[in-house]
Each structure stands twice: as C-alpha cells, then as structure tokens.
Amino acid sequence: VADTAQPQAADIRWQDFVNDARLRALVELALANNRDLRVAALTIEQARAQYQINRANQLPTVSAGLTGSYQPGATGNMVHAYTVGLTMASWEIDLFGRLQSLKEAALAQFFATQEARSAVQTSLIASVVSTWLSLQTDDEQLALTERTLATREESLKLIRMRFEQGVASELDLRQAESLAATARATLAQQRRQRALDYNVLTLLVGQSVPEQLLDTQQGVQFVDVPAGMPSDLLTRRPDIRQAEQQLIAANANIGAARAAFFPRIALTASTGNASNQLSDLFSGGTWVWTQTNQTLLTIFDAGRNQAGLDSARAGREIAVAQYEKAIQTAFREVSDALAGRATLGDQVRALQQQVDAAQASYRLSDQRYRNGVASYLELLDAQRTLFAAQQALAQTQLALRQNQVLLYKALGGGWSEADAPVAKN
C-alpha cells in the first residue's frame, strides 16, 4: 500500500529529483534548446489556433462594405446605385451539432498536444540524466582501463627483462604482450564510446555542453521514489493522458460525421443604406435589409457521408487500441523498473564482493609469481578476472542509477501541471 505521507513520483519535480547542481543546469539547457521539445511546444500553438478556428465557425462572419454600380437605363442615361452596410456571410445554424463536435474534437487535440509535450519533456529529462550517467561511467571505465594498462605494461617490462635474463619463457613474454595489447584496444574502444555518448548529450542539450558541467568525478544522487504506488497513478503519465484525449477527439469526430446526414441550414443577411445618389446615401428613408435562409439536405453523394462516418468509427477503434496499448506499456515499464530496483542492488553488492575477492587473488598471484612459486599463466588469469569483474561492477552500478531514472519516468515524474499551457475560452 502506498504511503500517503510520501510524495508520489508525479508530484516530485525534476529539480527536486536531481540533487546535483551541474546536472540540473544541464537539464535546464536541454529544456531551453532541445529541438524536439521546441517542435512539441509549437505543435501546441498550432493546435490552439485550430481550436480557435473551429470555435469561430460557430459564430457568423460580419463584414462592412461600400459598393457602387453603374448601368444604362431605359432612356439611355446611366443609372447609379450605391449601397453601404453590414453583411453576414452564409452562417451555418448548428442545429445538429456538427460544428460543436468539430470544436470538441479540436479542443481534445489541443489537450493531446499538451500531454505530448509533457511526455517529450519527461523523456528528454530522463535521456539527459541517463546519458550524463553513461558519461560518468565512461570516465570511470577509462580511468580503470588506464590503470590496468599501466599495470600490464609494467608487468610486460618485468617479463621482458626476465626473458632477456633467461628466467622467463617466450610464452610468458607473448602472453604479457597480448594482455597489454588487449588493454590498449579496450582503452581505444572506451574512448570512442565516450565520444559517442558526448555526441548524444550534445544533441539532447541542443548546443555544445559546457566543460564545467561535464565534471563527472563526483557521484550524483537522486531522491528515492516510493515503491508502493497504486496503479491508478499511471493515469497521470502524459502519454496515457494524451491517448485519452485522442480518444475523446475520435468520439467527437463521429458526432460530426453523423451530423453530416442531417440538413444544413445557412443564413445570409445584410443591412445598411441604399441610394441612387451618393450624397443621399445616409439620408432618412434609405435603410434596407435582406435575409436569405437556405436548407440543404444531401440526397445522393455516392456514399461520401457514410464513408466519412465509417472512417470516424474506425478512427475511434484505433484510438481505443492506442489507449489500451499506452496503459499496457505503462504497466510494463513500471514493472520492469521495479524488477530492476529489486535485483540490481543485490547484483551490485555481489559484484563488489567479487571484485574484492579478485583483487585479493591478484595480489596473492603476483606475490607467488615474483617469488617463483606460481606460473605467469596464473597471474594473467588473475589479472583478467579482476579487470572483467571491475568492468561488470561499473556497468551494473550504471544500470542501478539509470533504473532510478527509469522508475521516476515510468511513474509519471518529470513534468508538472504548471508547465502545461491553458486553452483560451
């Protein structure tokens, strides 16, 4: 059962989740410069404008104008006619809710774009933090490999000296050379991986990353996310809320498609002054007005309206499937993150014990070899075992830290209601 005294993930701001000032500054840069987030924000503005267009369609359009006409009369003289006034273009009276349904669909799409932006922001924050953690592990791995390479090159010098003195065999020399070359290859690979991770971080941030923000020597800590969350908190995930709004829009589109089967009633009207003399245009008695009502009922359209309704219904079924998939994906991501939380800590502790044992084994093997008790093959095996254990420990520690970020993201953290735009009524 969730502890109601603890804040849930969706209530923890990302600024509070990340306790490292450098990483917070990096995330703020990404939120300001990332192109995907910028596109998502502009999409909101586009959807807002489309909603305002559909809302305006429910109201008449009134125009003001002045017209003048000249034509020959029966006596051959020119007849003048002047008109000034207000004109209302063809305005559809929404008796059957077609325009209202289109407005509701546009509003739901607007809300969906808001949620899409929140989802992009959540993913962006998680990606920046995870990539920064990868860079931190890259630096740790580079330092480890450089120390290992230095040890192996020192050992190679010793073996070459012993070989020249006839104490060590050529097999020992070649094995030492192979082990040093392996460390150099690993070092080159890790430098390449760090460069790739740096490029990913640069793309996420949207600009060159300041050097002071790349100081990954100190570890970063995160606020612990409570584990006992009720499943209904998943409805606070932006992607689920986005799918829900898209489902609402699909239902509204069905209403608009059904209304297309009913008659459309349009009203056209004008009012103003008319006169044969421009000077008398605003004199008394020149006021005129007109009104035209038009009702159109489709009799034959080759199945266009029915096809539109079928398309809207299919769109709703697609939206339902997408909504269900969003929920299933959310449950899986939370379950995966909780599974990692339950096991990665145990794995790190076990690997730490393995590293400690491998270090002790390497020291003993080195002493035995220097004293002539053990073969160089035993020392090589101890070196390989220690290096592999240290690498595995670093990777698992990275997975543990990244799993904290994934759990925070999976539970709907990383955005707040204050970040979302508000629809203008």
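Judged by distance alone, with hydrogens and angles left aside, the side-chain atoms of N253 form a donor-acceptor pair with the main-chain N or O of A249 at under 3.5 Å. A donor-acceptor pair is defined here as one N or O able to donate and one able to accept, closer than 3.5 Å; no such pair exists between the side chain of Y408 and the backbone of A126. At distances below 3.5 Å, at least one donor-acceptor pair connects side-chain atoms of N403 with backbone N or O atoms of A337. For R117 (side chain) and A40 (main-chain N/O), no donor-acceptor pair under 3.5 Å exists by modelled atom type. Using a distance-only test at 3.5 Å, with no hydrogens or angles considered, no donor-acceptor pair links the side chain of S123 to the main chain of V120. Judged purely by atom type and a 3.5 angstrom limit, N33 has no side-chain atom pairing as donor or acceptor with the backbone of Q207.
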Could you walk me through whether Y323 and Q245 satisfy the side-chain contact (heavy atoms from CB on, under 4.5 Å) test, starting with their C-alpha distance in whole Å, then the side-chain angles of each, then the deciding distance to 0.1 Å, before giving a yes or no? CA-CA 9 Å; Y323 182 60; Q245 291 298 330; over 6 Å; no
side-chain contact (heavy atoms from CB on, under 4.5 Å), that's the test. Do R55 and Y51 meet it? Break it down for me. CA-CA 6 Å; R55 184 183 61 179; Y51 164 68; 4.1 Å; yes
Chi angles and distances behind the side-chain contact (heavy atoms from CB on, under 4.5 Å) call for F262, R98: CA-CA 9 Å; F262 296 97; R98 189 182 74 88; over 6 Å; no
Walk me through whether N34 and R38 qualify under side-chain contact (heavy atoms from CB on, under 4.5 Å). CA-CA 6 Å; N34 183 264; R38 186 177 303 175; over 6 Å; no
Passes salt bridge (Lys or Arg N to Asp or Glu O under 4.0 Å), E244 versus R241? Steps please. CA-CA 5 Å; E244 181 180 357; R241 295 169 60 150; over 6 Å; no
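In this structure, L386 CG and Q359 CD are separated by 5.5 Å, a value rounded to the nearest 0.5 Å. Note that the CG atom of L102 and the CD1 atom of I53 stand 12.0 Å from one another [nearest 0.5 Å]. Going from atom CG of L204 over to atom CG of D36 covers 8.5 Å, rounded to the nearest 0.5 Å. With rounding to the nearest 0.5 Å, the separation of CG in L380 from OG in S178 is 8.5 Å. Note that the OH atom of Y198 and the CG atom of L135 stand 9.0 Å from one another [nearest 0.5 Å]. Atom CG of L187 is separated from atom CD of Q141 by 11.0 Å, given to the nearest 0.5 angstrom.
At least one cation-pi condition fails for R147 and F387: the charged atom is not both under 6.0 angstrom from the six-membered ring centre and inside a 45 degree cone around its axis.
Between K103 and Q58, the closest side-chain pair of non-hydrogen atoms falls below 4.5 Å. Between R313 and R258, some side-chain heavy-atom pair lies under the 4.5 Å cut-off. Inter-residue side-chain proximity for L37 and L31 is flagged as met; some heavy-atom pair is nearer than 4.5 Å. Counting heavy atoms from C-beta outward, Q397 and L400 have side chains that stay 4.5 Å or more apart. The closest side-chain heavy-atom distance from L133 to F222 is below 4.5 Å. Looking at T151 and Y362, their side chains come closer than 4.5 Å, going by heavy atoms from C-beta outward. In this structure, T186 and Q391 have side chains that are in contact, with non-hydrogen atoms separated by less than 4.5 Å. You'll find the side chain of Q404 stays beyond 4.5 Å of the side chain of R341, heavy atoms only.
Nearest heavy-atom pair across L309 and A257 is CA-CB, 3.7 Å. Closest approach of R316 to L247, counting heavy atoms only: O-CD1, 3.9 Å. The two residues W132 and L213 make their nearest non-hydrogen contact at NE1-O, 3.1 Å. Nearest heavy atoms, A259 versus F96: CB-O, 3.6 Å. Scanning both residues, T122 and P238, for their nearest heavy atoms gives OG1-CG, 4.2 Å. Nearest heavy atoms, A106 versus N54: CB-ND2, 3.6 Å.
Ionic pairing of E177 and R174 is present here: one or more N-O contacts between side-chain nitrogen and carboxylate oxygen are shorter than 4.0 angstrom. Salt bridge R332/D336: present, at least one basic N to carboxylate O contact under 4.0 Å. Between D197 and R194 no salt bridge is recorded (no basic side-chain N to carboxylate O distance below 4.0 Å). In summary, D366 and R363 do not engage in a salt bridge, as defined by a charged side-chain N under 4.0 Å from a carboxylate O. A salt bridge is absent between R237 and E115; no separation between the charged side-chain nitrogens and carboxylate oxygens falls under 4.0 Å.
Between the side chains of S130 and Q402, not a single donor N or O lies within less than 3.5 Å of an accepting N or O. When only modelled atom types and interatomic distance are considered, D138 and Q193 share no side-chain donor-acceptor pair under 3.5 Å. Q100 and E104 form a side-chain donor-acceptor contact under 3.5 Å, judged by distance and modelled atom types alone.
Tested against V205, the residues V200, L29, V27 include a single side-chain contact (heavy atoms from CB on, under 4.5 Å) partner, L29.
Residue-environment remark: CD (E146) exceeds the threshold of 12 foreign heavy atoms within 6.0 Å.
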